[in-house]
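Single-structure report; data block below.
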Amino acid sequence: MKTSTTTLMLALCLSTLSTATMADEVGSVTSPDGQNTLAIDRSDSGQLTYTVTRGTHTLVAASPLGLVAREADLSAGLALSAHSTRPINEQYALPTGKCAVYHNTCNELTLIFTKGSAYDDGVAFRYVVNGDEPLTVTADKAEVNLPSFERCWAQRYVTDYSQPYPARSWSDLQGVSDNTRKLCVPALVKSTEGDDCWVLLTESQGDAQFCASALVAGDTTHPGCFSFALQDTPTVGPAFTTPWRTLYMGTLATIVESNLNDDLNPATSLTDTSWIQAGLSSWDWGGEDGQERHDLNIVKDYIDMAHNMHWPYYTLDAGWDGAPYALADVTAYAASKGVKVFIWSHQNRFRNDEEQIRSILSEWKRLGFAGVKIDFFEDDRKAMMEKYELLKVAAEQQLMVNFHGCTRPTGLRRTWPNLITSEAVYGGEQYYFNHLATPATHNITLALTRNVIGAMDYTPVEFARKDGVLRHLTTWSHQGALATLYESGIQTMSDSRQNLTTSPAAPLLGVLPAAWDETRCLEASPDQYVTVARRKGDDWYVASIANDERDVTLPLQQLLGDGTYTAQ
């Protein structure tokens, strides 16, 4: 049987690296601020483990690494043969996101079997396998052992990533997902070591090469120990890379402001991104309280709404397929009003066939659509991950993309910046079915979990039912704040024309940006409160929501320079 050479990649943002001299330690790396250190050990039998310390605290105790395939066990018998280093110091810009300029700085250590780097705001590792034949991967041996675990906030595992994030103790986790203890990423972990030692666990750079994983909590004999359960047995290779296992680390503010997910992805090859433009959108399915409509007059009503609110987009959702009007009628009317249109589709319209995808998207482009909203993926196996490659064809056609009913974001928008947002959230549309679904505690925690790792189409700002009936647990101001609190390249407004255009929030919503130059998390506590400030040009937009009544003090000296300002 042929064997494979395994490369394990570990990342954090750093400026210093060292190769250890201890007999069992094969490499270590420290972050630029000196706070985070990751060390890799190898046992006499060639098994790898890693540890992560932050200051004097051990955040990740000795945890195993390695892949297992039917053809080979790549978790033991590993031998170090060579090592090298290279610096990474880059800046890049994206049309959407938390900030205007992204900074990615680290030194990269390559050990033949192991490759690593370190960030001030986290740790990540992955496997790069170079072999002579394809492998069918059956397990990832990697664990994250958090000895200071106090509690966590995570969804039970579902393939559309659309569940609440309740706070759970370790004993609470034992009954999750029918006692399989399977969770979705991201998962936020509070440490007993203090406010500087929060951890957010997720995956980065999930692409067509591999499947996604569920996060699995250990049993009662292994408190604080998480592992990764592959959601497929993918046949890959002979050369392949797995997604990064990513740990954001630090204060809640550090985690919220971090762009680690994006940094861990390759730079885009697109030379022209001027057609990718962020903005707010009206939405017929949401405005109609979750009902499909087949009337062109209703479509025109929502286009008029976008025009009157000075929003650049309208989202044509389910209901157009088989409707009596032509798609060209929609785009022509929208163009007359200066509005661009996103068109919804079920993912099963597309095959894993680039030419078939191109034929559909090129026709929609010819008809004048600016973007697509593709829904109902709900599958983390490799074959479905391959379908997300339609991003490439959409970029060729200069079409923006909004994924719904989809897997968690993994930073792919750095490579494909036309990925303007995705759902993977228990969001505002839940009001149409259960007005108790998304209380303030849930909305607060989303800002500290799901929205950290990527743009989030929560579909915010739901003031009332279309007929004016009030039906949910939060206030109008809370709903209005969500459009600033949550980052999404297309911010899809979920309410009707009657409720939105007459709201006291209408003047704000008419000028609100959807891409930002700077993001600051001013204060946060899961389930309790969060205050986020976002800057566009010279203007700061501040959103604060809470579960209970409280006073908020804004540290304006941390945000504003010299000069005279007007507050609204």
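Note that the numbering runs from 1 along the sequence shown for the chain.
- Residues E363 and R349 are not paired through a salt bridge, judged by the lack of any N-O separation under 4.0 Å between the basic side chain and the carboxylate.
- Of the listed residues (F350, W416, F377, F210), just one forms a ring pair (Phe, Tyr, Trp, His ring centres under 6.0 Å) with Y388, and that residue is F377.
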**OP:** Take Q231 and T407 through the test side chain to side chain contact (heavy atoms under 4.5 Å, CB included) and record every step on the way to the result.
**Re:** CA-CA 12 Å; Q231 295 307 289; T407 194; over 6 Å; no
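- Between V461 and S494, the shortest heavy-atom distance links the atoms O-OG, 3.4 Å.
- For the residue pair Y486 and I444, the shortest heavy atom distance occurs at OH-N, 4.5 Å.
- Checked by atom type and distance alone, the side chain of R168 pairs as donor or acceptor with a backbone atom of A154 at under 3.5 Å.
- Counting heavy atoms from C-beta outward, P409 and M456 have side chains that stay 4.5 Å or more apart.
- The shortest distance between side-chain heavy atoms of I303 and V330 falls below 4.5 Å.
- Within the 4.5 Å cutoff, no side-chain heavy atoms of K373 are placed close to those of E423.
- Side-chain atoms of Y157 never come within 3.5 Å of backbone atoms of V216 as a donor-acceptor pair (strictly under, hydrogens ignored).
- Residues L485 and I545 are in side-chain contact: their nearest non-hydrogen atoms beyond the backbone lie under 4.5 Å apart.
- In terms of modelled atom types and a separation under 3.5 Å, the side chain of R450 and the main chain of V425 share no donor-acceptor contact.
- Using a distance-only test at 3.5 Å, with no hydrogens or angles considered, a donor-acceptor pair links the side chain of Y432 to the main chain of G286.
- In this structure, a donor-acceptor pair under 3.5 Å is present between the side chains of Y161 and D380.
- I490 is not listed as a side-chain neighbour of M400, based on a closest heavy-atom distance of 4.5 Å or more.
- Salt-bridge check for K466 with E288: passed, with a basic side-chain N closer than 4.0 Å to an acidic carboxylate O.
- Residues R550 and Q528 bring no donor and acceptor atom of their side chains to less than 3.5 Å of each other.
- The structure places CG of L448 at 8.5 Å from OG of S525, a figure rounded to the nearest 0.5 Å.
- Between the side chains of D272 and S274, at least one donor N or O sits under 3.5 Å from an acceptor N or O.
- Shown here are the side chain to side chain donor-acceptor pair (under 3.5 Å) partners of T235, two or more places apart in sequence or in another chain: T136.
- A donor-acceptor pair is defined here as one N or O able to donate and one able to accept, closer than 3.5 Å; such a pair exists between the side chain of S336 and the backbone of Y333.
- Heavy atoms from other residues, nucleotides or ligands lying under 6.0 Å from CG of D538 number 12 at most.
- Comment: D262 does not engage K98 in a salt bridge, judged by the lack of any side-chain N to carboxylate O separation of less than 4.0 angstrom.
- Looking only at atom types and distance, the side chain of S213 has a donor-acceptor partner in the side chain of R245 under 3.5 Å away.
- Applying the ring pair (Phe, Tyr, Trp, His ring centres under 6.0 Å) test to pairs two or more places apart or on separate chains, those with a residue in residues 299-331 are Y313-F342.
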Subject >> Full working for side-chain hydrogen bond (donor to acceptor under 3.5 Å, both in side chains) between N451 and Y458 >> reply: CA-CA 9 Å; N451 205 199; Y458 176 96; over 6 Å; no
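- For the residue pair N402/T421, the side-chain donor-acceptor check at 3.5 Å is not satisfied.
- When all heavy atoms are compared, the tightest approach of K382 to C211 is N-CB, 3.8 Å.
- Nearest heavy atom pair, residue V137 against residue V236, reads CG2-CG2, 3.9 Å.
- Taking 4.5 Å as the limit, some side-chain heavy atom of L391 sits within range of a side-chain heavy atom of N418.
- A 6.0 Å sphere centred on NZ of K392 holds no more than 12 heavy atoms belonging to other residues, nucleotides or ligands.
- A donor-acceptor contact under 3.5 angstrom links the side chains of Q479 and T474, judged on distance only.
- Here the side chain of N499 pairs no donor or acceptor atom with the backbone of F463 at under 3.5 angstrom.
- When all heavy atoms are compared, the tightest approach of A394 to V401 is CB-CG2, 3.6 Å.
- Side chains of E523 and T531: a donor on one and an acceptor on the other come within 3.5 Å.
- Remark: N434 CG is packed, more than 12 non-hydrogen atoms of other residues, nucleotides or ligands lying under 6.0 Å away.
- For E518 (side chain) and R535 (main-chain N/O), no donor-acceptor pair under 3.5 Å exists by modelled atom type.
- Residues T519 and V532 form a side-chain contact, since some pair of their non-hydrogen atoms from C-beta on lies under 4.5 Å apart.
- Rounding to the nearest 0.5 Å places NZ of K300 at 14.5 Å from CG of D284.
- Judged by a 6.0 Å distance limit and a 45° cone about the ring axis, R414 is not positioned over the six-membered ring of Y102.
- Relative ring orientation between W283 and W285 is described as tilted, the plane-to-plane angle lying within the 30° to 60° band.
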Original post:
Given S282 and R497, is the side chain to side chain contact (heavy atoms under 4.5 Å, CB included) satisfied, shown in steps?
Top reply: CA-CA 9 Å; S282 63; R497 174 183 56 80; over 6 Å; no
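- Distance alone, capped at 3.5 Å, is enough to place a donor-acceptor pair between the T445 side chain and the D527 backbone.
- Between the side chain of W153 and the backbone N or O of T449, no donor-acceptor pair lies under 3.5 Å.
- Residues Y165 and L188 fail the side-chain proximity criterion, which asks for heavy atoms closer than 4.5 Å.
- Below 30°, between 30° and 60°, or above 60°: for H346 and F376 the angle between ring planes is below 30°, a parallel geometry.
- Put simply, CG on L247 and CG on D121 are 11.5 Å apart, with the number rounded to the nearest 0.5 Å.
- Residue W540 qualifies as enclosed at atom CH2: its count of foreign heavy atoms under 6.0 Å is above 12.
- Here the OG1 atom belonging to T459 is positioned 10.0 Å from the CG atom belonging to L482, to the nearest 0.5 angstrom.
- With respect to the salt-bridge test (charged N to carboxylate O, under 4.0 angstrom), the residues D295 and R293 do not qualify.
- Remark: the T159 side chain and the D379 side chain contain no N/O donor-acceptor pair separated by less than 3.5 Å.
- Between F369 and W364, the ring planes lie perpendicular to each other; the angle is over 60°, past the 30° to 60° tilted range.
- To the nearest 0.5 Å, atoms NZ (K365) and OG1 (T331) are separated by 11.5 Å.
- Around the CZ atom of R520, the shell of radius 6.0 Å holds more than 12 heavy atoms that belong to other residues, nucleotides or ligands.
- Summarising the geometry of D375 relative to G405, their closest heavy-atom pair is OD1-N, 3.4 Å, with the distance given to 0.1 Å.
- Atom OG of residue S204 and atom CG of residue D263 lie 9.5 Å apart, to the nearest 0.5 angstrom.
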**OP:** Please lay out, stage by stage, how L173 and L183 fare under the test side chain to side chain contact (heavy atoms under 4.5 Å, CB included).
**Re:** CA-CA 9 Å; L173 289 172; L183 307 167; 4.1 Å; yes
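- Between the side chains of N259 and Y92, no donor-acceptor pair of N or O atoms lies under 3.5 Å.
- Listed for the H472 side chain is a donor-acceptor partner under 3.5 Å among the backbone atoms of E462.
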